[in-house]
Trainee: 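Below you will find the structure I want to go over with you.
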Amino acid sequence: MDQNNQERYEDSELYRIRHSLSHIMAQAVLEMFPEAKYTIGPPVENGFYYDFDLPRTLTPEDLEKIEKRMRQIVAGKYDFVRKVVSADEARRIFANQPYKLELINDLERGETDEHGQPLDEKPEISIYTHGNFVDLCRGPHVQNTSQINPSAFKLMSVAGAYWRGDEKNPQLQRIYGTAWRTKEELERYLQMLEEAKKRDHRKLGRDLEIFIFDDEVGPGLPLWLPRGGVIIEELEKLAKEMEEQAGYQRVRTPHLTKEDLFLRSGHLPYYAESMYPPMELEGVRYYVKPMNCPFHHKIYAAKPRSYRDLPVRLAEYGTCYRYEKSGELFGLMRVRSMQMNDAHIYCSEEQFEQEFLAVVELYLRYFALFGIEKYVMRLSTHHKRGLGKKYVDNERLWLKTEEMVRNAMRHGGVPFVEAADEAAFYGPKIDVQIWSAIGREFTLATNQVDFAVPERFNLTFVNRHGEEETPLCIHRAPLSTHERMVGFLLEHYAGNFPVWLSPEQVRIIPITDSHNEYARQLEQEMRAAGIRAEADLGQDRMNAKIRSAQLLKIPYMAVVGDQEVNSRTIALRRRDGSRQNDVPVQAFIEQVKERIRTRSAEL
RNA sequence: GCCGACGUAGCUCAAUCGGCAGAGCAACCGCCUUGUAAGUGGUAGGUUACGGGUUCGAUUCCCGUCGUCGGCUCCA
C-alpha cells in the first residue's frame, strides 16, 4: 500500500504524528488527574499508547473526555521543542515522577532503554515540551501540533499493562489510540478491523460448524464437530504421506506418565508452570503430558542404536495438555488440549545440518501447498540471565547449537530474523511466526534443537569407531497443532477451504422434490467416488438451499431439475458464484477427484 | 494469573426509572412444487451464566463464583 515502504517506520511522518499524540494524550490525562504518574508512551503498529499510574480506573466516558481535550490541544498549534538536558536537570524536572526517575537513572547508567532493553551506547537525555507539558523523550515529533489531523485519530481501549512488561511490577493503565494522516485513512483502518472480525476463526468456527467450546467441559478444551473432524483427518493424512516419504516412523505413546519421567526430562524443573497438577495413586504421582518428547526418547532408547540406524525419525500426532493461564486462552489458537504434528529426529552432529534443513524445507512445501505467504522465520536463542532458570545451564552448548542453526539456515539460503531470550528450555529453535485475523502474533510451525535432554536420558549410538556417542535431537512440528493450524487456516482461507480440505465438498440441490431420487443417486455415486457429497432433501425451496450451502462455504453446488435428470447432468454452481450448466455427472466427478488428489487450490 | 468490559432462546439482538422477558433467523408440524443467496402459515423453545444479598417486587442495584472478550504476562 505504501509506495516508499523502504522508509523505516521510525523515520516516517506517521511515526512522528503518533508519537506526538501520545504526548498530547499524556497531557490530557495529567490535566484530568494532576496526581497521575506517567511512564512511557511509544508509537506502535497502527497508533500509539501511553501507560499511566492513576488514582482510579478509567471509564469509557473518561476516554471520550480525554479524546475531546486532545483535539483542543491539537488545535492550539503548539510547537514541539526538543532540549538536551543533564541527568540532574532531568531529575529536577521529573522530581515527582518516580517512573521517569527510574528511566533517567537507567539512561544515565547507559544500560537500558525505556522498555528495559539493553543499549549499545550511552544515550543523550532529551526532553520534549509542547505548551506547558514536558516529557522525557528521545523523539522525534512533529514540529507543531497543527501537523496533526484532529479527525484522523481515535482512542480505542484501556488495558492493564505491567511496568516494563514484568508481571512482578505494578500494573499500569494503558490507553491505546489509533492515528493516521487523514480521516479517510482512519476510516479505512476501522473498516479493516470490522472485516477482520468476520474472518476471526472464533466466529467462522461456529458459523461453519467446525468446533465449539462448552463451559461445562472447560476453557481451552475444544470440542471438534463433525466438520472439524474432517479437516483434522485430512491434515493427518497429509502429514502421514509427507512423513512417510521423508523417512519417519510412526509411534504412539500414552497421555499419562509417572513423575520420574518428567523429572528426568527436565520438564518438572523448567516447565512445571505449564503442566496440569499431578494425580496421585498408590503413592505414585502421575502427570498428563505437555509434550511427547520424553516418550520418544524412551522409544529411541528401547534398543541399542548404531550410526548406521541414524537418523531415527519418530513421529506421532500426540495429544498434549498444558495449563495455560486463564487469560492467555484464545479461541483455537491458544488452548489447553492440543494435538501436535510432532516428531523427534535423532541424528549425529554431522547429520544435523542436512536434517535441520530438510525440516525447514518440509515447512516450505506445506506453506506453498496452503498458499501461506505472510510469515517470518525466527531464530529464537537463549539469554544469559535465564541460564539455570528458563534454560538448561550450559552456555557453551547453547552458543554452539545456536551457531549450528544459524549456519544451517545460511547454507540453505533461508531468510530469518533472530530473537534473543525466546528459546525452548532445552535448545534454540526456528519458529514460524504468523498473524491472526485480528493481528495477534503466533508461532505456527516450530523446529527445535535439543542438545540437553538426550544426555539426561543417556541416549547413545555406537559410532563407526565403536564408541558411544550422544545424538542430537530435533523436535519439529511443521503443521503446528491441529488446534492452531485449523484456527489459522480458517482465517487464512476466510472459511473458503480448498476442495480437499472442505468438510463437505458437494451439496446436491434438487429443484423440486420430484428430483429427490436423482439427488440421492448422485449422492451415492459421488460418495462411492470418495467425494464428501450431501443431498439436501429438506423442505426449503431451491433458493434457500443454495443460500444455506453458500453460507457453509461449500465449494460446489450441484443443482438438479428435470433437464439434469433427463440428460444425467448437473447444473454446477461454485462457491464463488460462477455457474456451468449441463455438466455430465461423470466429468464432474472426475474433475473433483482430481482436485482432491492433487490438493489443488483451484475451485 | 493480573487490569478492565461483558454474559438474555441454538444464533443475532430488544426489554423506559426496579414492575407479567420479546423479535428475526434456526428447529419442529403443515401448505406451496419451485431453475441459482431467505416462498408461506403455525407450534415449541427461558431458573435472564451460577450462588448469595438489598427490595413488596431484581434481566435491571450490590457481593462472590464461573465463562467470554480487549490488553499485559506467557506460548504450539
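Basis for what follows: all heavy atoms, side chains included, without hydrogens, waters or symmetry-related copies. Naming: A, B, ... by sequence-line order, numbering from 1 per chain.
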Trainee: Measuring only the C1' atom in each nucleotide, how far is B:rG45 from B:rA9? A whole number of Å is fine.
Mentor: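 Roughly 6 Å separates the two C1' atoms.
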
Trainee: Would you write the dot-bracket representation of RNA chain B, where each base gets (, ), [, ], | or . depending on whether it forms a Watson-Crick or G-U pair under 3.5 Å and with which partner?
Mentor: (((((((..((((.....[..)))).(((((.......))))).....(((((..]....))))))))))))....

Trainee: Measure the distance from CG on A:Asp207 to P on B:rC25 and round it to the nearest whole Å.
Mentor: 18 Å

Trainee: B:rC11 C1' sits how many Å from A:Leu208 CG, rounded?
Mentor: 13 Å

Trainee: With sequence neighbours left out, write down each residue that passes side-chain contact (heavy atoms from CB on, under 4.5 Å) with A:Ala437, or none if nothing qualifies.
Mentor: A:Arg199, A:Glu491

Trainee: Classify every nucleotide of nucleotides 67-76 of chain B by which part a protein heavy atom approaches to under 4.0 Å, writing B for the base, S for the sugar-phosphate alone and - for neither, in 5'-to-3' order.
Mentor: SSSBBBBBBB

Trainee: Once you measure the plane-to-plane angle for A:Trp398 and A:His382, does it fall in the parallel (<30°), tilted (30-60°) or perpendicular (>60°) bin?
Mentor: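 Rings of A:Trp398 and A:His382: parallel, as their planes differ by under 30°.
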
Trainee: Mind checking the C1' distance from B:rA14 to B:rG46? Whole angstroms is fine.
Mentor: 15 Å

Trainee: Between protein and nucleotides 33-47 of chain B, map the contacts as a letter string: B base, S sugar-phosphate only, - none, heavy atoms under 4.0 Å, written 5' to 3'.
Mentor: BBBBBBB--------

Trainee: Considering only the C1' atoms, how many Å lie between B:rG7 and B:rC50, rounded to the nearest integer?
Mentor: 11 Å

Trainee: Pairs under 3.5 angstrom only: tabulate donor-acceptor contacts from the side chains of residues 266-278 of chain A to other protein residues two or more places apart or in another chain.
Mentor:
{"unit_1": "A:His267", "atom_1": "ND1", "unit_2": "A:Ser265", "atom_2": "OG", "d": "2.6"}
{"unit_1": "A:Tyr271", "atom_1": "OH", "unit_2": "A:Arg322", "atom_2": "NE", "d": "3.3"}
{"unit_1": "A:Tyr271", "atom_1": "OH", "unit_2": "A:Arg322", "atom_2": "NH1", "d": "3.4"}

Trainee: Excluding sequence neighbours, so at least two apart, what forms side-chain contact (heavy atoms from CB on, under 4.5 Å) with A:Glu373?
Mentor: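 Once residues adjacent in sequence are excluded, A:Glu373 has no partner under the side-chain contact (heavy atoms from CB on, under 4.5 Å) criterion.
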
